[in-house]
Structure formats: structure tokens, C-alpha cells
S.K.: 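Submitted below is the structure of interest, expressed as C-alpha cells.
What you are looking at is a predicted structure, and each value in this text was computed from that prediction instead of being measured. Numbering starts at 1 and runs along the sequence shown.
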Amino acid sequence: MCEDNHGGLGRRALFVTGAAAALTLGSVSFASAAEGSRESRTVRGTLPPGSPDFVYVPVEVPAGVREIKVAYTYDRPSVPAGTTGNALDIGVFDERGTELGGRGFRGWSGGARTEFFLRADDATPGYLPGPVREGIWHIALGPYTVAPQGLAYEITITLTYGEPGEEAARPVYPPERAKGRGRAWYRGDCHLHSWHSDGRRTPAEIGALARAAGLDFINSSEHNTHSAHAHWADVAGDDLLVMLGEEITTRNGHVVALGTDPGTFVDWRYRARDNRFGRFARQIRRAGGLVVPAHPHATCVGCNWKFGFNEADAVEVWNGPYTPDDEVTLADWDSMLVASVRDGRDGRDWLPAMGSSDAHRDPDAVGSPQTVVLADDLTREAIQEGIRAGRSYIAESARVELSFRALGGRGEHAGIGGRLRVDRDTPVTVRLEVTGAPRCTVRFVTDQGVLHTSAPLPVSGSGVVEWRTTPSYAAYVRAELRHEAAAGPLPGALAAFTNPIFLGHRTG
């Protein structure tokens, strides 16, 4: 085993593109060796606070390599309360390079693993199998947070020499259609993690939990890798549509690519100031996917959404167990609805809401919450069209079912995501029918705020709540079902909420 010491930031080159900076360290060299032999190199260094987002370690890979394996460690010194400690992510790019867009991308595990391998027929989950070709590879380090003492790391690269062996079989992807029930309400969870990123469940385990939760569709959304795409075909079936995507985890927020073409990789190595998000949002759409900012007000480092919503097709308003940051996101989303009916726009530009579990491991509950979508069939395209149109509501579980409509006096009617086209002063009846929500309170929320609150539903969980208004009084109405508040004036946690129904004719 040979060793190399990068020192502090010695033997380095700083490459800057726009506002993005990446540090490239000195190369690690290997020479050709006999078939069946194994060679290792260990490099050590320390990254100071303020390091670039990505640090690349070039590795000169000779011809005749069967497998590359990388293991790494880094120190975690004690830090004062309120000070971030060390967190170092890792991935790898092959001889095609590290250019933004991911042509050379071969895998990313973030901070979920301490080692990984790649060879022609297999790879660690999160990484892509394929030949280990001759050329300059790059180990990608992501110093997510760096303690005041700096981040000391050690990387060991091991090459195994020999014939590459047979490549992995051509990937088989899940079908874009399940059996379905024609035009109906379909339940789904579009934000899930398996062991292909930082989850602890296999795709098969997630599929079983999705079926147990009463789901009709799910979406694969691993952090910064599409390696799971080829591992879902056996999970899908007539009763479960599996869509493919990614959670693009930037330093300025996370976005779910929902239902992209199989094998689509979306790069994450940019910040809001780099003015590149639009490029990758367009890539998601070209690949047939939807752009859905995830947990925009989450408090984890790098989770708060800073790219704006002009490129979004929907927004994840409820993520996992309902918490105060979801309440903030709900209020922020409602403010966007108000803006969409202001200045004559009359709801033209509104952004639909979604909810997903973001489940990683036990005890995270797959399907809590879930998005319930009115779609023409159980297909990728139909589900996406229903989400994009806002024909959906979010429920904490399959136990909650609801019907929400607005009715005019002459037979006019509209459902969730629709528009009741009546004159401004026409009386309108808003009607919510619900089951599975015992002791929950119903609130009708409009552009003027909460204008109606019901008494708690009976312990059976079923009930009907009606309210009368006019389009001049309420430009839209949406419904919230909330559990009884524990104490004080604060509203209880959500059991369900709907996208809005708009009232009145469009203006302008």
C-alpha cells in the first residue's frame, strides 16, 4: 500500500465556472499490474472551513482493471452547541470527466456509506455498474459542513486487476402503466428512499409497504443518483405503478424529479446564485418529469428552498409527520394562491400542492402522507397530468377519503383543481364529504383567510360540511381537516387538505 498526503490544500487547482467553485487535488497514480493482483493507495488531507462545495481527487486508472473500490473516513471533533460539525459526502466520476451535466457520473452515496465498489457486472447501491476503463477518474468529495477545526479525511483506493468480466444485463425498467380503474382517484407517495441512497429499505420492501398502505403509485427519488431505476421492475405490478425519478439535493434546497424517463440523471452541483437551476428543470421536463420542490421550509442544512417557484410544476407542502415547518410551508403556499388571484390573474398561475412521506427507514411510514390524484387512468402520463392540474388532495393515510365540490344554483359544479364559472354575486354552496377523520375539524380557507370552521366530526370519522359564499367574497376555497388541537389557539395537525376550487369567471 502506498500513501500520499494532500496536506492542508496542497497540490491543488481551483476551477471556477460562473459562481461555482470546485477544488481539484493532486493525482493518485497506479501502474499496470499482473492479472489477479490488487494495489491500494491511501491519501490524507484536511479541508478548512469555507472549502468549496466539491473537492475532486483525480485517480489515474491504467488499463486492465477489473474493479475499483474506495473507502474513506474523516474526523468528527467535538464542537460547541449550535456549531455545525463535520459531514463529508462522497461519489465518483469515471474517465469521461466531472463536467456539469454528469456525463462521467458513476455514483453518489452522500454520507450514507463509508465504502463502495464498481465493476462491469455489479456495483454498490447508489453506483452504476460498468467497465473500469483506462483514464483519469475522480473521487468527488462534498464537504457538506466543516467544523471550525477543519475536516481531516483519509481515502483508500484499491484497484483489482484482471479481465473486466461480463457486463450487467441490459436494465429492465417498470412499465409506465398499471391496470387501473379508468378515471378514478389514485393514491401515491412520490418521495421515497431505498438503500440506493440513504434509506435502509430495499425496493421490494418499499413495494410491500406501499401496497399495505393502500397506494396505487410510487416514485423512486434517491438523492443525486438514478442507480435504483434498474431495480424496480420486479416491484411494479398490475396493482402498483412505479415511476422513476430522483431527489436533486443541492446546497440551496431539494427538488423531486417526478416520473422521468428511465435512466435519467439530473445533476445537483450548483447553488441558486449560479443561475443553473432552470437548465436542469428543463432537463427534467424534457425527460417527461415534473419539477417538485421538496420540503421548502425544512430546517436541515441545505434543505431550505432558495431557487424560487417559477420552474415548479407542483410543490411538496407536507413532508412526513406533520411538523411546524410544514405549517410554515402551508401558509407560504396559501400566500402564493392569494397572489395568483390578485392583479387580474385570477388563478392562472397557481401552483398545486403535494404531500409525500420522504420515508427512509423504520419507523418511517410509507404513504404518510399521500397524494390522492384524480386521473384518467393509472399511467405515468395520466397521474402527472392530474398532479399538474391540481386535481388532488393530501391525506395522512388511506383511511381518509373525501369529496369536495362547489355548486351553483343552476346545476353548475366544480371539483378540486377546477373552476366554478358563475357570476361574482351568484350564491355558491361548498360541500365536503369525508370519512376516516374522527374528531377532526373542517376549515374552509379562502383568499380572505379561514372563513368557516366546523364542529368536530363524530368519532365515526364521517360527516358532511357545507358553507355558502359568493365569488366576490371568496376567489377560491380549499378545505383542511385538522386533528383536535392539544392546547391553546393553535390549529391541530393536518389529517388532510385539498387543492383549491376557484370561484367565478376568469378576468382579463
Side-chain angles (χ1 to χ4, degrees), residues 182-185 309 313-315 317 330-331 333-354 371-376 382 385-395 400-435 437 440-455 457 462-482 494 496-508:
R183 186 172 177 83
W185 291 94
F309 295 95
D313 296 301
V315 59
V317 168
L330 180 64
W333 171 69
D334 190 73
S335 295
M336 288 191 284
L337 289 180
V338 173
S340 77
V341 297
R342 195 176 56 208
D343 302 329
R345 287 189 288 163
D346 205 21
R348 298 179 200 277
D349 310 326
W350 75 284
L351 189 63
M354 294 185 63
T371 300
V372 191
V373 183
L374 179 60
D376 289 335
E385 198 279 326
I387 291 171
R388 191 186 294 110
R391 296 194 304 266
S392 58
Y393 65 91
I394 297 83
V400 181
E401 296 186 44
L402 59 82
S403 171
F404 185 48
R405 296 188 299 161
L407 309 167
R410 298 182 178 179
E412 308 96 333
H413 59 88
I416 299 170
R419 175 175 291 278
L420 185 67
R421 301 179 186 280
V422 295
D423 292 336
R424 284 175 48 84
D425 295 322
T426 299
V428 171
T429 299
V430 178
R431 179 182 175 90
L432 179 75
E433 302 175 39
V434 60
T435 62
C440 285
T441 297
V442 174
R443 307 202 313 174
F444 291 140
V445 187
T446 77
D447 55 312
Q448 306 302 320
V450 179
L451 293 185
H452 179 78
T453 301
S454 75
L457 295 171
S462 300
V464 177
V465 179
E466 289 189 348
W467 176 62
R468 289 174 176 80
T469 187
T470 63
S472 62
Y473 191 49
Y476 66 81
V477 183
R478 60 180 183 84
E480 295 179 356
L481 278 75
R482 289 184 177 264
L494 281 176
F497 75 97
T498 73
N499 276 303
I501 301 172
F502 292 93
L503 307 179
H505 294 287
R506 285 186 172 181
T507 60

S.K.: Please report the interatomic distance CG(Asp447) to CZ(Arg342), rounded to the nearest 0.5 Å.
M.R.: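 So the gap between those two atoms works out to 11.0 Å.
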S.K.: About how many Å separate CZ of Phe502 and CZ of Arg419, when rounded to the nearest 0.5 Å?
M.R.: 6.5 Å
S.K.: Which atom names give the shortest non-hydrogen contact between Ser454 and Thr441, and what distance separates them?
M.R.: O-CG2, 3.2 Å
S.K.: I need the minimum non-hydrogen distance between Ala382 and Ala375, along with the two atoms involved.
M.R.: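 Closest heavy-atom pair between Ala382 and Ala375: O-CB, 3.6 Å.
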S.K.: Does Asp313 have any side chain to side chain donor-acceptor pair (under 3.5 Å) partners at least two apart in sequence or in another chain, and if so, which?
M.R.: Arg285
S.K.: Looking at Leu503, Val428, Leu407, which hits side chain to side chain contact (heavy atoms under 4.5 Å, CB included) with Val422?
M.R.: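 Option passing the side chain to side chain contact (heavy atoms under 4.5 Å, CB included) with Val422: Val428.
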S.K.: Please report the interatomic distance CZ(Phe497) to CZ(Arg478), rounded to the nearest 0.5 Å.
M.R.: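 If I round to the nearest 0.5 Å, the distance is 7.5 Å.
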S.K.: If we only count heavy atoms from C-beta on, is the Tyr393 to Thr371 side-chain gap below 4.5 Å?
M.R.: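 Tyr393 does not reach Thr371 side chain to side chain.
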S.K.: Atom CZ in Phe309, atom CG in Leu351: separation rounded to 0.5 Å?
M.R.: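 Reported to 0.5 Å precision, the distance equals 7.0 Å.
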S.K.: Could you measure the distance from the CD1 atom of Ile394 to the CG atom of Leu481? Nearest 0.5 Å is fine.
M.R.: 12.0 Å
S.K.: Going by the rule side chain to side chain donor-acceptor pair (under 3.5 Å), which residues pair with Arg443 if we only count those two or more places apart in sequence or in a different chain?
M.R.: Glu480
S.K.: With sequence neighbours left out, what residues match Asp423 under salt bridge (charged side-chain N to carboxylate O under 4.0 Å, His left out)?
M.R.: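 In terms of salt bridge (charged side-chain N to carboxylate O under 4.0 Å, His left out), with neighbours along the sequence ignored, Asp423 is linked to no residue.
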S.K.: Quick one: closest heavy-atom pair of Arg424 and Thr470, and the distance?
M.R.: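 Reported closest heavy-atom pair: O-CB, 3.5 Å.
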S.K.: I want to check something: taking the side chain as every heavy atom from C-beta on, are Trp467 and Thr446 in contact at a cut-off of under 4.5 Å?
M.R.: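 Answer yes - side chains close enough.
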S.K.: Distance from Leu420 atom CG to Ile501 atom CD1, nearest 0.5 Å?
M.R.: 8.0 Å
S.K.: Mind checking what makes side chain to side chain donor-acceptor pair (under 3.5 Å) contact with Arg431, not counting sequence neighbours?
M.R.: Glu433, Glu466
S.K.: Which heavy atom of Val442 sits nearest to which heavy atom of Val465, and what is that distance?
M.R.: CG2-CG2, 3.9 Å
S.K.: Measure the shortest side-chain to side-chain distance between Ser462 and Val434 over non-hydrogen atoms and say whether it is less than 4.5 angstrom.
M.R.: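 Not touching, per the 4.5 Å side-chain cut-off.
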S.K.: For residues Trp350 and Ser340, report the shortest heavy-atom separation together with the two atoms involved.
M.R.: CB-OG, 3.7 Å
S.K.: Please determine whether side-chain contact (heavy atoms from CB on, under 4.5 Å) holds for the pair Met354 and Val317, giving the CA-CA distance in whole Å, both sets of side-chain angles, and the decisive distance to 0.1 Å.
M.R.: CA-CA 6 Å; Met354 294 185 63; Val317 168; over 6 Å; no
S.K.: Is there a side-chain contact between Leu432 and Phe444, using heavy atoms and a 4.5 Å cut-off?
M.R.: yes
S.K.: Any non-hydrogen side-chain atom of Ile416 less than 4.5 Å from a side-chain atom of Arg391?
M.R.: no
S.K.: Could I get the full list of side chain to side chain contact (heavy atoms under 4.5 Å, CB included) partners for Ala184, not counting sequence neighbours?
M.R.: Arg181, Tyr186
S.K.: For Ser392 and Asn499, which I'm curious about, is there any donor-acceptor pair between the side chains at under 3.5 Å?
M.R.: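 A pair is found: one side chain offers a donor N or O, the other an acceptor, under 3.5 Å apart.
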S.K.: Just jot down the ring pair (Phe, Tyr, Trp, His ring centres under 6.0 Å) partners of Tyr476, sequence neighbours excluded, or say none.
M.R.: none
